[in-house]
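Reading through the structure tokens given below for one structure.
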Amino acid sequence: MIRLNPEQLVFVTERHLATLTTLRADSSPHVVPVAFTWDVDEGVARTTARRTSVKVANARRTAADGSAPRAAVCQVDGGRWMTLEGTIEVSEDPQEIDDAVARYGKRYRQLEHDPDRVVLRLRVDRVMASAYMA
């Protein structure tokens, strides 16, 4: 499991948006702005989405070789940046959705209830960052 260093941990708790990159069926990148939260205990970046979104469809699709789908979250603030890469999965578990919404509320703002909300879990196995955070 990935553990972020102190500088990286501060950066992922500041209020910034990021981009999420998933892969379409033709392997081309699908890049969208997202808000995400970092789970220190699990080494997981979470974002919420509507179950009908393209990013959710991409996260449900296994790679051509049968492996788990991969994705990346990249957060940028001026010259500071960090990319979290790993496998991505969709969770429809109500408890996980509630937890993700609560974490989102602490970092960004409170969300309205949405019955179509799911959680995208990015299990991070690679981190790239600005030199001072590396």
Side-chain angles (χ1 to χ4, degrees):
M1 178 177 62
I2 292 287
R3 296 267 183 219
L4 301 182
N5 67 38
E7 292 82 9
Q8 294 168 340
L9 191 54
V10 166
F11 191 53
V12 297
T13 58
E14 294 173 354
R15 189 182 189 281
H16 300 291
L17 293 179
T19 58
L20 172 67
T21 303
T22 57
L23 297 177
R24 295 181 180 100
D26 67 1
S27 298
S28 64
H30 177 257
V31 184
V32 293
V34 295
F36 76 98
T37 60
W38 176 251
D39 185 328
V40 173
D41 296 329
E42 292 191 36
V44 168
R46 284 189 187 85
T47 189
T48 65
R50 299 202 77 196
R51 72 182 72 244
T52 57
S53 71
V54 172
K55 59 186 166 278
V56 169
N58 293 342
R60 292 186 193 277
R61 185 180 307 106
T62 57
D65 65 1
S67 63
R70 292 189 60 82
V73 169
C74 182
Q75 178 173 287
V76 178
D77 178 47
R80 301 182 308 155
W81 63 273
M82 184 166 50
T83 300
L84 306 170
E85 295 180 10
T87 56
I88 192 165
E89 64 185 7
V90 179
S91 173
E92 297 191 38
D93 176 60
Q95 287 182 314
E96 182 153 18
I97 294 168
D98 290 346
D99 181 58
V101 167
R103 289 172 186 264
Y104 181 99
K106 288 179 186 172
R107 186 171 184 200
Y108 298 101
R109 62 177 173 77
Q110 295 301 311
L111 293 172
E112 298 289 324
H113 175 72
D114 182 349
D116 288 328
R117 181 174 286 123
V118 297
V119 174
L120 295 174
R121 295 172 46 92
L122 180 67
R123 188 164 305 283
V124 177
D125 56 30
R126 182 175 182 192
V127 177
M128 297 179 293
S130 303
Y132 90 94
M133 282 192 281

So does Gln95 have more than 12 non-hydrogen atoms from other groups sitting under 6.0 Å from CD? no

Would one find more than 12 heavy atoms of other residues, nucleotides or ligands at under 6.0 Å from atom CZ of Arg61? yes

With clusters defined by side-chain heavy atoms of hydrophobic residues (ILVMFWY) lying less than 4.5 Å apart, directly or transitively, does [Y] cluster with [X]?
| X | Y | value |
| --- | --- | --- |
| Val32 | Trp81 | no |
| Leu23 | Val54 | no |
| Met128 | Tyr132 | no |
| Leu84 | Val40 | yes |
| Trp38 | Tyr108 | yes |

Is a donor from one side chain sitting under 3.5 angstrom from an acceptor on the other, for Ser91 and Asp93? no

Taking atom [atom1] of [X] and atom [atom2] of [Y], what is their separation to the nearest 0.5 Å?
| X | Y | atom1 | atom2 | value |
| --- | --- | --- | --- | --- |
| Ile88 | Arg123 | CD1 | CZ | 12.0 Å |
| Cys74 | Leu17 | SG | CG | 12.5 Å |
| Asp39 | Met1 | CG | CE | 8.5 Å |

Strictly distance-based, threshold 3.5 Å: is any side-chain N or O of Arg24 a donor or acceptor partner for the main-chain N or O of Pro29? yes

